[in-house]
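Shown next, in structure tokens, is the structure this report addresses.
Quick caveat, the model's predicted, so the values are computed rather than measured. When reading the values below, keep in mind they use all heavy atoms of this one structure, side chains included, and skip hydrogens, waters and symmetry mates.
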Amino acid sequence: MDAGGAASRLAAVRERIRLAARDAGRAPDAVTLVGITKTRSVEAAREIVDLGVHDLGENRVAELVAKREELPDVTWHLVGQLQRNKVRDVVDGNVLIHSLDRPRLADAIQARASQRHLVQPVLVQVNVGADPAKGGCGVPETEQLVAYAQGLPNVEVRGLMTVPPLPSPGQDPVTVARAHFAILRGLRDEIVITDPTVRELSMGMSADLEAAVAEGATMVRIGTDLFGPRPDPMHDLEEWR
């Protein structure tokens, strides 16, 4: 394990968050750092936890379940798409689901959470760029889906999440991402008027966390800059978008 490297990478990420929050007139502790452990070993995840990161995220249910058994004392975040047949494996009071995107999935989460006698926290994923390659409900459907899920007794919507689309050739990726983050913030600001519990904004990754913090992110999902590059560069591209 590369303890010195992990510590320096974590320090650098925290400093980026601190500076971005300062520039936005926000407190750094208003932004939760979620370490994305996709394809990383349990040992690498534990190393980050030992350094003080208490929120870890996974794209795939199977990886989350396996690592949760080894690291039960952290808050886990499912940031990838969730199929209804996997709901029973992930519903847990110590897991935040970032990818609620349709009423039928909300119903499946409700049924499993009711069986387990718990209230499952979720974020509604919004496809702000109407990108067919991305998950999430459409912008016009967001408020309706939030209201539907909030009406279920064992589901608690805490906020919104998005993954912006890849920029077109010649576009600045951070500028493009920030425009989409602003859309998500605007949606949240509209919803919170009638439902003040829907406050979280999960947005921003290694390449664009400053733009996300500037637009009000309360959670940033960081993999590459926290754990280092993956052997397969395509995984880093997937994490970025």
Quiz item: Taking the side chain as C-beta and beyond, is there a heavy-atom pair between Gln150 and Asp195 under 4.5 Å?
Solution: yes
Quiz item: Taking the side chain as C-beta and beyond, is there a heavy-atom pair between Ile36 and Ile222 under 4.5 Å?
Solution: no
Would a distance-only check, ignoring hydrogens and angles, find a side-chain to backbone donor-acceptor pair under 3.5 Å from [X] to [Y]?
{"X": "His117", "Y": "Ala113", "answer": "no"}
{"X": "Arg116", "Y": "Val91", "answer": "yes"}
{"X": "Gln144", "Y": "Glu141", "answer": "no"}
{"X": "Thr194", "Y": "Ile191", "answer": "yes"}
{"X": "Lys67", "Y": "Thr37", "answer": "yes"}

Practice problem: Given side-chain hydrogen bond (donor to acceptor under 3.5 Å, both in side chains), test Gln115 with Asn154 step by step and report yes or no. | Solution: CA-CA 10 Å; Gln115 289 175 350; Asn154 295 85; over 6 Å; no
Would you name the heavy atoms of [X] and [Y] that are closest together and state the gap between them?
{"X": "Gln120", "Y": "Ile109", "result": "CG-CG2, 3.7 Å"}
{"X": "Leu100", "Y": "Leu145", "result": "O-CD2, 4.1 Å"}
{"X": "Leu56", "Y": "Val34", "result": "C-CG1, 3.9 Å"}

Practice problem: Using the side-chain hydrogen bond (donor to acceptor under 3.5 Å, both in side chains) rule, take Thr218 and Glu200 through it: C-alpha gap first, then chi angles, then the decisive distance, then the call. | Solution: CA-CA 6 Å; Thr218 63; Glu200 303 287 357; 2.5 Å; yes
Exercise. Starting at OG1 of Thr197, measure out to CZ of Arg158 and round the result to the nearest 0.5 Å.
Key: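 So the OG1 of Thr197 and the CZ of Arg158 are separated by 9.5 Å.
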Self-check item: NZ/NE/NH1/NH2 to OD/OE distance under 4.0 Å, Glu190 and Arg188
Solution: no
